[in-house]
Chemist: 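Okay, here's the structure, questions in a sec.
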Amino acid sequence: MSFAREFREFAIKGNVVDLAVGVIIGAAFGKIVDSLVKDLVMPVIGRIFGGLDFSNWFVMLAPPPTGYAGPMTYEALTKAGVPLLAYGNFITVVVNFAILAFIVFLMVRQINRLKRQEVPAPAAAPATPEDIVLLREIRDALRR
């Protein structure tokens, strides 16, 4: 079997296509959850905790370059090339992950519930073919 044919069979299998669709939808869904956390959840959490902005929680690992006169925010210092330990950004990502994991859990739970409802009742056993019945009768007669 040639390499190209083998690769084509692998790529066309249903599982690979399903995985590709899942990755694409997951990336788009990740952007939605990222926006949800960044634009809706974190401002509310920041407001509850007295106006805290988690994105500006960081530790400078080195001082800004000499002559730097910009603001001391995460975005500005990152653009200036200052190494930062951005633990506030990490907190945002952890909250993002927790929300995403919870939503995926709810979706999988619902899908499993629907699958359980779709299970058909077991069908009656199919009739045994005549030749098998005859062979069983012959076997039973020989045993007697």
Chemist: Is it the case that atom CZ in Arg109 sees more than 12 heavy atoms from other parts of the structure closer than 6.0 Å?
Modeler: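 Count not over threshold, so no.
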Chemist: Mind checking whether Phe90 and Val94 have side chains closer than 4.5 Å, heavy atoms only?
Modeler: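 Heavy-atom side-chain distance check passes, below 4.5 Å.
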Chemist: Let me check something: do Leu36 and Ile91 share a hydrophobic cluster, defined by ILVMFWY side-chain heavy atoms less than 4.5 Å apart, either directly or through other members?
Modeler: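 Linked within one cluster.
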Chemist: Just verifying a value: how many Å separate Arg139 CZ and Arg144 CZ, rounded to the nearest 0.5 Å?
Modeler: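 Arg139 atom CZ to Arg144 atom CZ measures 11.0 Å (nearest 0.5 Å).
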Chemist: Which heavy atom in Ala80 sits nearest to a heavy atom in Pro65, and how many Å separate them?
Modeler: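 In this case the closest contact between Ala80 and Pro65 is O-CG, 4.0 Å.
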Chemist: Are Val33 and Leu40 connected into the same hydrophobic cluster when the rule is that any two of I, L, V, M, F, W, Y join if their side-chain heavy atoms are below 4.5 Å apart?
Modeler: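 Yes.
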Chemist: Can you tell me how far apart CG (Asp34) and CD1 (Ile99) are? Round to the nearest 0.5 Å.
Modeler: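 Going from CG on Asp34 over to CD1 on Ile99, the span is 10.5 Å.
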Chemist: What about Val21 and Met107, same hydrophobic cluster or not, with Ile/Leu/Val/Met/Phe/Trp/Tyr joined at side-chain heavy-atom distances under 4.5 Å?
Modeler: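 In one cluster with Val21: Met107, no.
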Chemist: What distance separates Asp131 CG from Arg136 CZ, expressed to the nearest 0.5 Å?
Modeler: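 If we round to the nearest 0.5 Å, Asp131:CG and Arg136:CZ are 10.0 Å apart.
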Chemist: Work out which heavy atom in Pro64 is nearest to a heavy atom in Val82; give both atom names and the distance.
Modeler: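 Shortest heavy-atom separation between Pro64 and Val82 comes out as CA-CG2, 3.6 Å.
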Chemist: Flag yes if Ile111 and Phe102 sit in one hydrophobic cluster, no otherwise; membership is Ile, Leu, Val, Met, Phe, Trp, Tyr, and two members link when side-chain heavy atoms are under 4.5 Å apart.
Modeler: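 No; tracing contacts between hydrophobic side chains, which count when under 4.5 Å, never links both residues.
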Chemist: Please determine whether side-chain contact (heavy atoms from CB on, under 4.5 Å) holds for the pair Leu84 and Tyr74, giving the CA-CA distance in whole Å, both sets of side-chain angles, and the decisive distance to 0.1 Å.
Modeler: CA-CA 8 Å; Leu84 302 174; Tyr74 174 76; 3.7 Å; yes
Chemist: If I compare all heavy atoms of Phe58 with all of Ala86, which pair ends up nearest, and what's the gap?
Modeler: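 Minimum heavy-atom separation between Phe58 and Ala86: CB-CA, 3.9 Å.
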Chemist: Hey, any chance Phe97 and Ile32 share a hydrophobic cluster, counting ILVMFWY side chains that come within less than 4.5 Å of each other, even indirectly?
Modeler: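 Phe97 does not cluster with Ile32.
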